[in-house]
Protein chains: 2
Amino acid sequence: MERETVLASLLRRLNTVSKLDQADIAAIRSLPVAVRHWEGGRAIVSDGERPTECCLIIEGFCIRSKTTERGGRQILSIHIPGEIPDLQSLHLQVMDHDLITLVPSTLGFISHTSLRALTHTQPNVAEVFWRDTLIDAAIFREWIVNVGQRPAPARLAHTVLELRRRLALTERAEPAVFEFPLTQEQIGEALGITPVHANRIIKQLRQDGIVDVSRGRVHVLDETKLAELAQFDDRYLHQDPSA
Amino acid sequence: MERETVLASLLRRLNTVSKLDQADIAAIRSLPVAVRHWEGGRAIVSDGERPTECCLIIEGFCIRSKTTERGGRQILSIHIPGEIPDLQSLHLQVMDHDLITLVPSTLGFISHTSLRALTHTQPNVAEVFWRDTLIDAAIFREWIVNVGQRPAPARLAHTVLELRRRLALTERAEPAVFEFPLTQEQIGEALGITPVHANRIIKQLRQDGIVDVSRGRVHVLDETKLAELAQFDDRYLHQDPSA
DNA sequence: ACCAGTTCCCAACAAAGGTTAAGGATACGA
DNA sequence: TCGTATCCTTAACCTTTGTTGGGAACTGGT
């Protein structure tokens with residue numbers, strides 16, 4: 001795979017969310033990236049492990065999740081190409097959650113060693129990466145609000161709109177139809193509800209002509225009603241570098 | 001107030017959670033800190049604002065929270081002396097949530113300017129601060145699990161044990177009785193339940209002889225039962241610098 | 001075309017949690 | 001010490017969500 005395309009979405013994203021100068025871009029471009037393909041539904045790193053590299057999603061979808069001792073699983077975030085979902089492992093040596101592919105994916109592995117060398121020689125890149133992990137945390141905060149405050153249908157609506165907005169960063173569009181490769185069971189795990197209840201609310205939203213979530217895709221049926229249900233305000237994504 | 005005591009708990013905490021050398025400690029000690037007293041229940045920074053300084057809690061308790069358009073409030077975290085709950089504002093210019101005192105507190109304000117100067121001259125301090133925000137994010141992840149997966153009594157038990165463990169970092173003890181200055185309404189906002197339900201579960205836990213949460217304090221009645229209910233595993237707090 | 005394994009779908013019932021409304025305790029200032 | 005505000009407490013009732021269990025539809029492999 002071309003080096004260009006491997007880092008393209010990462011650079012596009014970082015350069016939108018922060019400010020990179022030519023030296024930063026060149027330095028990131030020269031990072032050694034080991035490209036590997038991964039099946040769907042397979043762990044990349046697991047809770048308790050001490051990874052020595054970070055994982056850039058080049059193509060595909062991943063989730064982060066934690067499993068409780070009672071066997072329940074909570075999905076913490078959904079990740080898309082251009083993101084480095086385990087960037088925190090650079091300074092948090094032991095994983096406190098799992099990182100798992102949802103679908104067959106192309107991943108780029110970058111060693112902690114070379115990332116640390118990069119952040120030491122390019123302090124501006126260090127700050128851009130730091131900011132990236134802060135946005136990650138901001139998304140967790142909103143996820144807490146989602147699970148803690150919103151009724152189940154609004155939770156799904158919000159999750160769907162957040163993902164679309166984040167996809168728009170690298171894809172430059174907010175389409176009415178887009179990929180959302182979670183089973184109903186996984187949707188339940190993301191929203192903190194059972195799969196049966198996930199099925200109920202999906203059916204409801206479909207019948208109400210608001211949104212159709214099925215076969216791994218989202219069809220937005222009524223943009224206005226969906227936005228009203230989700231009360232989605234993208235400020236927390238901090239996509240504007242001056243904000 | 002003595003400079004020593006102003007930064008004492010911050011330094012103790014950072015030095016436990018990460019590794020600081022003498023130069024780092026000296027550099028942090030020389031930070032200009034503006035000490036101010038704050039009433040309880042008053043905002044320090046609010047959603048939408050662009051703060052120019054960060055806030056160190058010297059004495060007291062604070063929370064971070066978000067308010068939804070429907071009027072519900074979700075408490076995202078509880079903060080104690082030695083913590084800088086809005087450190088993220090250093091690289092996320094616009095606040096996406098509120099920071100509020102719970103009780104009358106002594107706060108130390110440190111300008112972004114001097115913090116940036118510090119992180120530029122002492123890259124190791126930058127990494128320690130970065131790591132601190134990553135631990136903050138790890139706590140958010142566990143909070144998502146708490147609200148999304150655990151039944152209400154276990155949520156309260158977990159929250160209580162987490163706070164005690166974090167207090168132990170600067171106080172070096174895990175007492176059976178400690179301060180927990182949240183009203184039942186605020187407990188509900190933290191756990192994603194109504195105040196009425198918060199009251200129900202508090203009463204339940206008291207009657208079951210597990211824990212008594214009242215008048216702003218926690219009394220642990222049965223350490224074993226409480227631990228079993230909460231399924232508390234402190235790995236996610238990353239208090240050990242090698243982990 | 002068939003099979004096994006998922007995933008989706010649905011119904012009936014149970015439990016957890018939300019709503020409303022009201023009385024009682026506590027703290028604090030005049 | 002009296003009031004006022006806040007907080008705690010409880011009850012009755014209602015809604016959402018969980019549980020159990022089953023069947024239908026789809027998928028990928030042979």
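Proteins get letters first, then strands, A, B, ... in listed order; numbering begins at 1 in each.
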Q. Under 4.0 Å between a side-chain N or O of A/K203 and OP1 or OP2 of C/dC9?
A. no
Q: Check the distance between C/dC10's C1' and A/R200's CZ and give it to me in whole angstrom.
A: 10 Å
Q: Specify the separation, in whole Å, of atom CD of A/Q207 and atom C1' of C/dC9.
A: 12 Å
Q: Could you check B/R164, B/R165, B/R166 and say which one makes a side-chain hydrogen bond (donor to acceptor under 3.5 Å, both in side chains) with B/E162?
A: B/R166
Q. For C/dC9, does either OP1 or OP2 sit under 4.0 Å from a side-chain N or O belonging to A/R206?
A. yes
Q: Using the salt bridge (Lys or Arg N to Asp or Glu O under 4.0 Å) rule, take B/E142 and B/R150 through it: C-alpha gap first, then chi angles, then the decisive distance, then the call.
A: CA-CA 11 Å; B/E142 187 63 33; B/R150 290 192 256 267; 2.6 Å; yes
Q) Of all the nucleotides listed (C/dA11, C/dA21, D/dC8), which has the minimum atom distance to the side chain of B/T183? A) D/dC8
Q. In whole angstroms, how far is the P atom of C/dG17 from the CD atom of B/Q184?
A. 16 Å
Q) Crowded around B/E174 CD? As in, over 12 foreign heavy atoms under 6.0 Å? A) yes
Q. Will you find, in the side chains of A/H158 and A/R155, an N or O donor that is under 3.5 Å from an N or O acceptor?
A. no
Q | Whole-Å gap separating P (C/dC10) and CD (A/Q204) | A | 12 Å
(Q) C/dC9, OP1 or OP2 - any side-chain N/O from A/N199 closer than 4.0 Å? (A) yes
**Q.** Within residues 61-77 of chain A, residues whose heavy atoms come under 4.0 Å of DNA chain D
**A.** none
Q: Enter the inter-axis angle for the ends of the helix from C/dA1-D/dT30 to C/dG23-D/dC8 (five pairs per end, rounded to 10°).
A: 50°
Q.
Using a 6.0 Å cut-off, check whether atom CZ of B/R70 has over 12 heavy atoms from anything other than its own residue.
A. yes
Q.
Classify B/G41 by what it touches in the nucleic acid, base, sugar-phosphate, or nothing, heavy-atom distance under 4.0 Å.
A. nothing
Q. D/dT17 P sits how many Å from A/I202 CD1, rounded?
A. 13 Å
Q) Between C/dT7 atom P and A/E189 atom CD, what is the distance in whole Å? A) 11 Å
**Q.** Donor-acceptor pair between B/R64 and B/Q88 side chains, under 3.5 angstrom
**A.** yes
Q.
By nearest heavy atom, map A/R215 and A/A198 onto DNA chain D; which one lands nearer the 5' end?
A. A/A198
Q | A/I80 vs A/L169, side-chain contact (heavy atoms from CB on, under 4.5 Å): CA-CA, chis, key distance, verdict | A | CA-CA 10 Å; A/I80 60 178; A/L169 254 196; over 6 Å; no
Q.
So A/T194, base contact, sugar-phosphate only, or nothing? Heavy-atom distance under 4.0 Å.
A. base
Q. Do A/R141 and B/D96 pass the salt bridge (Lys or Arg N to Asp or Glu O under 4.0 Å) test, and can you show the C-alpha distance, the side-chain angles, and the key distance before you say yes or no?
A. CA-CA 9 Å; A/R141 287 194 286 273; B/D96 56 40; 3.0 Å; yes
(Q) Measure CD/A/E39 against P/C/dT6 and give the value in whole Å, please. (A) 14 Å
Q) Between D/dT9, D/dT19, D/dG18, which nucleotide has the shortest distance from any of its atoms to the side chain of A/V196? A) D/dT19
Q: Before giving the answer on side-chain contact (heavy atoms from CB on, under 4.5 Å), spell out for A/F140 and B/L76 the whole-Å C-alpha distance, their side-chain angles and the decisive distance to 0.1 Å.
A: CA-CA 10 Å; A/F140 289 139; B/L76 304 165; over 6 Å; no
Q.
Checking the side chain of A/D47 only, and the main-chain atoms of A/D98 only, is there a donor and an acceptor separated by less than 3.5 Å?
A. no
(Q) Nearest whole Å is fine: how far is D/dG18 P from B/Q149 CD? (A) 9 Å
